[in-house]
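These notes are about the structure you will find just below.
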Amino acid sequence: EFIKNGIGRFYFGSDLIGAYYCEELRQSGPDERVMRFLSGIRLLDRSDHQGGLYSGELAGDVIDDIISNIVPYTIDADIAEIPVYGYLPYGRRRNNLQFVLMAIGAAVRNNPDGSLRITQLSDTVTGTIDESRVFFGGSVVNRTPATAVQVTEHNYLPSADEVVLYDGVSIDTETIKFSEPIHDLDITGGTILASGVNFCIFQGAGAVLLKGKRYNHITRIITVGTPPTGIESDVVKKVTNNTLI
């Protein structure tokens, strides 16, 4: 019987290799059926996270807001205590989790029981590969070694620039998603039920006008190494949006 997100456990002998979540069960022939399962991380691609603008909230609280009630997880105590700064958009939970983990230097792993573990990458050498076991295929590309790495830092400062977010007639509960972070929401002709920097949920009562104020988006490029002074920009490795954006 097909049960959405039902647990499927994969064993090698008596050893549990992993637990996964049922996505599809179909009959592909008279005596053949196909079952497709997803990992816990893949489940985070199914729903959106409302994002936010963070100014020192603990990583444990931010991560819990992203993945709680979706899939069981554990988080290392030292990771949970790291403060988080920056902006997360309204987007898929998996993408926002990636932004946070990149910013705090953490990683996510699948546990054998199907839950996730938020932890740090280990720098322990687990094995060495002898030169006799290394070989090239038929295609080898020689590239110029990078001389610098540039990471873009993002900052959002409140401004007084006002923008109209909704102007229409409604007597229903409406959800408005913003294309940029907004603060100081103001509504006439309705009641705000819930809101954040990326969204607003309101109950309309006729002609509704929803306004807010923008943030100034400021970026700073941090460089480690020696960037080129000429046209050889390919020798600089750039990271522009894998931090909190």
Side-chain angles (χ1 to χ4, degrees), residues 1-52 54 57-82 84 86-129 133-134 137 175 177 194 196 198-199 201 239 241-245:
E1 181 181 355
F2 173 71
I3 301 176
K4 187 72 170 181
N5 295 335
I7 295 292
R9 296 177 176 85
F10 175 57
Y11 288 88
F12 182 77
S14 59
D15 297 328
L16 177 63
I17 304 301
Y20 306 94
Y21 301 87
C22 187
E23 170 72 7
E24 180 185 40
L25 173 62
R26 61 184 173 86
Q27 186 169 346
S28 59
D31 301 304
E32 183 177 73
R33 289 178 173 83
V34 175
M35 295 181 293
R36 185 163 67 93
F37 292 86
L38 303 178
S39 68
I41 294 176
R42 182 66 178 82
L43 290 182
L44 299 179
D45 262 336
R46 285 180 166 176
S47 60
D48 288 335
H49 176 244
Q50 295 171 339
Y54 305 100
E57 288 84 348
L58 297 182
D61 295 333
V62 177
I63 291 173
D64 185 71
D65 185 51
I66 295 174
I67 65 178
S68 64
N69 301 321
I70 304 298
V71 60
Y73 77 98
T74 60
I75 183 171
D76 294 358
D78 54 342
I79 295 292
E81 295 299 317
I82 298 176
V84 173
Y87 167 67
L88 288 178
Y90 198 116
R92 290 298 183 181
R93 295 179 185 274
R94 181 176 181 175
N95 292 339
N96 279 357
L97 177 62
Q98 177 185 350
F99 286 137
V100 174
L101 297 184
M102 286 290 293
I104 65 177
V108 60
R109 292 286 181 265
N110 283 304
N111 286 322
D113 64 357
S115 65
L116 303 179
R117 181 188 176 191
I118 309 298
T119 184
Q120 288 182 325
L121 293 175
S122 173
D123 58 1
T124 302
V125 177
T126 58
T128 57
I129 301 176
R133 298 175 58 196
V134 179
T175 299
K177 299 179 183 178
N198 294 316
F199 75 101
I201 302 174
V239 179
N241 61 357
N242 280 343
T243 58
L244 288 180
I245 60 176

Measuring from atom [atom1] of [X] to atom [atom2] of [Y], what distance do you get when rounded to the nearest 0.5 angstrom?
X: F37; Y: N5; atom1: CZ; atom2: CG; answer: 11.0 Å
X: S14; Y: F12; atom1: OG; atom2: CZ; answer: 10.0 Å
X: I66; Y: L101; atom1: CD1; atom2: CG; answer: 8.0 Å
X: R42; Y: R94; atom1: CZ; atom2: CZ; answer: 7.0 Å
X: Y73; Y: S115; atom1: OH; atom2: OG; answer: 11.5 Å

Problem set entry | Minimum heavy-atom distance I3-C22, with the two atoms named |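 So the minimum-distance heavy-atom pair works out to O-CB, 3.7 Å.
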Exercise. For I129, does the CD1 atom sit with more than 12 other heavy atoms under 6.0 Å from it, leaving out its own atoms?
Worked result: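 Counting other residues, nucleotides and ligands, CD1 of I129 stays at 12 neighbours or fewer.
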For this session: Kindly indicate, with the supporting measurements, whether the criterion side chain to side chain contact (heavy atoms under 4.5 Å, CB included) is fulfilled by R109 and L121.
Result: CA-CA 10 Å; R109 292 286 181 265; L121 293 175; 3.0 Å; yes
Exercise. Hey, are R117 and D76 close enough for a salt bridge, meaning a charged N less than 4.0 Å from a carboxylate O?
Worked result: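 Answer for the salt bridge query: yes.
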Exercise. Salt bridge check: are R93 and D45 linked by an N-O gap of less than 4.0 Å?
Worked result: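 Not counted as a salt bridge, because no side-chain N and carboxylate O are separated by less than 4.0 Å.
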Exercise. Can you check whether P89's main-chain N or O pairs, donor with acceptor, with N96's side chain at less than 3.5 Å?
Worked result: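 Yes, because the side chain of N96 sits within donor-acceptor range (under 3.5 Å) of the backbone of P89.
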Problem set entry | Of N111, L44, I70, I63, the residue whose pairing with L116 passes side-chain contact (heavy atoms from CB on, under 4.5 Å) |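 The option that passes is L44.
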Problem set entry | Step-by-step side chain to side chain contact (heavy atoms under 4.5 Å, CB included) determination, K177 to N198 | CA-CA 6 Å; K177 299 179 183 178; N198 294 316; over 6 Å; no
Exercise. After noting the C-alpha distance and the side-chain angles of T119 and I79, does the key distance pass the side chain to side chain contact (heavy atoms under 4.5 Å, CB included) rule?
Worked result: CA-CA 7 Å; T119 184; I79 295 292; 5.8 Å; no
Exercise. Passes side chain to side chain contact (heavy atoms under 4.5 Å, CB included), V108 versus I67? Steps please.
Worked result: CA-CA 12 Å; V108 60; I67 65 178; over 6 Å; no
For this session: With sequence neighbours excluded, tell me which residues meet side chain to side chain contact (heavy atoms under 4.5 Å, CB included) with R26.
Result: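 Side chain to side chain contact (heavy atoms under 4.5 Å, CB included) list for R26, sorted by chain: E24, S28, V34.
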Exercise. Less than 4.5 Å apart, any side-chain heavy atom of Y21 and any of V71?
Worked result: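 Counting from C-beta outward, Y21 and V71 do come under 4.5 Å.
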